[in-house]
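Single-structure report; data block below.
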Amino acid sequence: MARLTTTSSLSSIERLTGRPAHPFLKRGIIFAHRDLHEILDCYERGEHFYLYTGRGPSSEALHLGHLVPIMFTQWLQEVFDVPLVIQLTDDEKTLWRGLEQAEARRLARENCKDIIACGFDVNKTFIFSDFEYVGGAFYRHIIDIQRCVSMNQVRGIFGLTQDDNIGKIGFPAVQAAPSFPGVFPHIFGDRKDVRCLIPCAIDQDPYFRMTRDVAPRLGYQKPALIEARFFPALQGESGKMSASDPNSAVFVNDSAKQIKDKINKYAFSGGGATLEEHRSRGANLDIDVPWKYLNFFLEDDAKLAAIGREYGAGRMLTGEVKAELIALLTDIVGRHQQARTQVTEDIVDAFMAVRPMHSALKR
C-alpha cells in the first residue's frame with residue numbers, strides 16, 4: 001500500500017481530467033492506494049478501466065460515513081467518464097447479521113435509492129444485488145477464486161473461527177469477483193484486459209489483498225485500490241457508527257431537528273472544559289468530532305482553514321463550530337433527501353437491469 005501525495009498522483013489526476021482534485025484527496029481523507037498510477041497511465045494511453053464499489057445493506061438508510069466512498073466514486077465516474085459496478089451484498093448481511101433474506105433484499109433496494117440519489121450516470125452504472133445477480137459468469141468466477149484460496153488463508157485474513165457458519169468462509173470470493181470484467185459480459189463482452197479501480201474504506205483492504213493475489217492465476221491484471229480513512233462516530237474514535245444506535249451517526253433520513261440534537265448532544269468536543277481553559281489553550285483538533293466532520297464535508301478550503309485556526313487558538317467556541325456543522329449537514333442531508341424523492345422504483349429497476357452496456361466503454 002502506498003500513500004497518496006499531492007505531488008504525484010493528485011497532480012496527475014488534475015492534469016488528466018482537467019478538474020481540481022476532490023477535497024477528499026487534497027485533505028488526505030482518501031489517503032492510500034494500490035497501483036493507482038497504473039490506472040492513470042492506462043487512462044492516459046486511451047485504454048479503458050472501470051470502477052467497482054459496494055454497500056452492505058444492513059440499515060434502512062445510509063449514514064454519513066457510508067456516503068464518503070459513494071460520493072468519491074460518483075466524482076471519479078464523472079471526471080473520468082467510465083463504467084461503474086456497485087455490489088449490494090445482501091447475502092453477506094444474511095450470513096453475518098442474521099437478517100432474513102427477504103429483509104436483506106428489501107434493504108438492498110432501499111439503500112440503492114440512496115446511492116442513486118448521489119448522482120450516478122444510469123448509462124454507465126450497473127447496480128446489482130448478490131441474491132439477484134449471482135449465477136452464470138459471476139458464479140463461475142466465484143468458484144475459480146474459491147479454488148485459489150485455502151481455508152487457512154481465509155481464516156487468517158478475516159479472523160474466522162471454527163464456530164462461524166460455512167457461508168462466511170466462501171463469501172470473500174463473492175466480494176472479490178466483481179474486480180474482474182469477465183463477471184459482467186453485458187458490459188465488457190469477453191474482454192479480460194479492462195482494468196478495475198476500487199474506491200473503498202480502508203477496512204475493505206483485506207478482501208482485495210486476497211483478490212490481488214488471485215488475479216494473475218485467473219488471467220487478470222490486479223485490481224487497483226484507492227482507500228479512505230475511517231469516518232468517526234459522533235462519540236469519537238472510541239465509538240462505532242451503528243444502525244442499532246441512532247445517536248452514533250447522522251443518517252441521510254434524519255430531520256433537521258435530529259441533526260441539530262445529535263451534533264449538540266453527542267458530537268465529541270475537543271474544546272476546553274471551561275471557557276477560561278478553552279480561551280487559553282484552544283481546542284484539541286485531533287479529537288474534536290465537529291472539526292473532523294467539517295474536514296469531510298465543508299468544500300470551502302479558506303473557510304475551513306479559518307475555522308481550524310480560530311478554534312485551535314481558542315478564539316472560536318465549540319458551540320460556534322457545532323453551529324457551522326449543523327447548518328452544513330442540514331443542507332447536505334436536505335438536498336440528498338430531495339434527490340431521493342425523485343428516485344422511483346422504475347429508476348431503481350433501470351440501474352439494476354442486466355442490459356447491454358458496451359457503449360459505456362466509449363469516451
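Along the sequence shown, the residues carry numbers beginning at 1. Bear in mind the structure is a predicted one, so any value in this text is a computation, not a measurement.
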Subject >> Candidate pair Thr53 and Ile70, rule side chain to side chain contact (heavy atoms under 4.5 Å, CB included), full reasoning >> reply: CA-CA 8 Å; Thr53 194; Ile70 293 172; 5.5 Å; no

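Every residue two or more places apart in sequence or in another chain that forms a side-chain contact (heavy atoms from CB on, under 4.5 Å) with Ser150 is listed here: Asn152, Gln153. Taking the salt bridge (Lys or Arg N to Asp or Glu O under 4.0 Å) definition, one finds that Arg97 meets it with nothing, sequence neighbours left out. Checked against salt bridge (Lys or Arg N to Asp or Glu O under 4.0 Å), Asp349 has the following partners two or more places apart in sequence or in another chain: Arg109. Scored by the salt bridge (Lys or Arg N to Asp or Glu O under 4.0 Å) test, Asp121 finds no partners at all (sequence neighbours excluded). Residues satisfying the side-chain contact (heavy atoms from CB on, under 4.5 Å) criterion with Ser129, sequence neighbours excluded, are Asp90, Phe131, Glu132, Met352. For Asp203, the side-chain contact (heavy atoms from CB on, under 4.5 Å) criterion is met by Ala201, Phe230, not counting sequence neighbours. Residues satisfying the side-chain contact (heavy atoms from CB on, under 4.5 Å) test with Gln337, not counting sequence neighbours, are Val333.
Among pairs with a residue in residues 316-331, those fulfilling salt bridge (charged side-chain N to carboxylate O under 4.0 Å, His left out) read Lys303-Glu324, Asp331-Arg335, at least two apart in sequence or across chains. Residues in residues 234-268 take part in these ring-ring contact (aromatic ring centres under 6.0 Å, His included) pairs, two or more places apart or across chains: His63-Phe251. Contacts classified as salt bridge (charged side-chain N to carboxylate O under 4.0 Å, His left out) and involving residues 270-296 (residues at least two apart or in different chains) are given here: Glu237-Lys292. Within the structure, every pair that satisfies the ring-ring contact (aromatic ring centres under 6.0 Å, His included) test and touches residues 154-174, not counting sequence neighbours, is listed here: Trp96-Phe171, Phe158-Tyr207.
The one candidate from Ile263, Val250, Asp254, Ile259 that meets the side chain to side chain contact (heavy atoms under 4.5 Å, CB included) condition with Thr330 is Ile259.
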Atom pairs and distances, donor-acceptor, side-chain atoms in residues 173-189, under 3.5 Å, two or more places apart:
| unit_1 | atom_1 | unit_2 | atom_2 | d |
| --- | --- | --- | --- | --- |
| Gln175 | NE2 | Gln204 | OE1 | 2.7 |
| Ser179 | OG | Ala176 | O | 2.9 |

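Under a cut-off of 6.0 angstrom, the local environment of NZ in Lys260 is sparse, with at most 12 non-hydrogen atoms contributed by other residues, nucleotides or ligands. Heavy atoms from other residues, nucleotides or ligands lying under 6.0 Å from CZ of Arg105 number 12 at most.
In the model, Ser248 has no side-chain atom that pairs as donor or acceptor with a side-chain atom of Gln235 under 3.5 Å.
Between His37 and His33, the ring-plane angle classifies as perpendicular under the 30° and 60° cut-offs. Ring geometry for Phe80 against Tyr43 counts as perpendicular: the plane angle is over 60°, on a 0 to 90° scale with 30° as the lower cut.
Trp75 and Ile39 end up in the same hydrophobic cluster when Ile, Leu, Val, Met, Phe, Trp and Tyr side chains are linked at under 4.5 Å. By the rule that hydrophobic residues join a cluster once side-chain heavy atoms approach within less than 4.5 Å of another member, Leu99 and Leu95 end up as members of separate clusters.
Using a 4.0 Å cut-off between charged side-chain N and carboxylate O, Glu38 and Arg195 make a salt bridge. Salt bridge Arg209/Asp213: absent, no basic N to carboxylate O contact under 4.0 Å.
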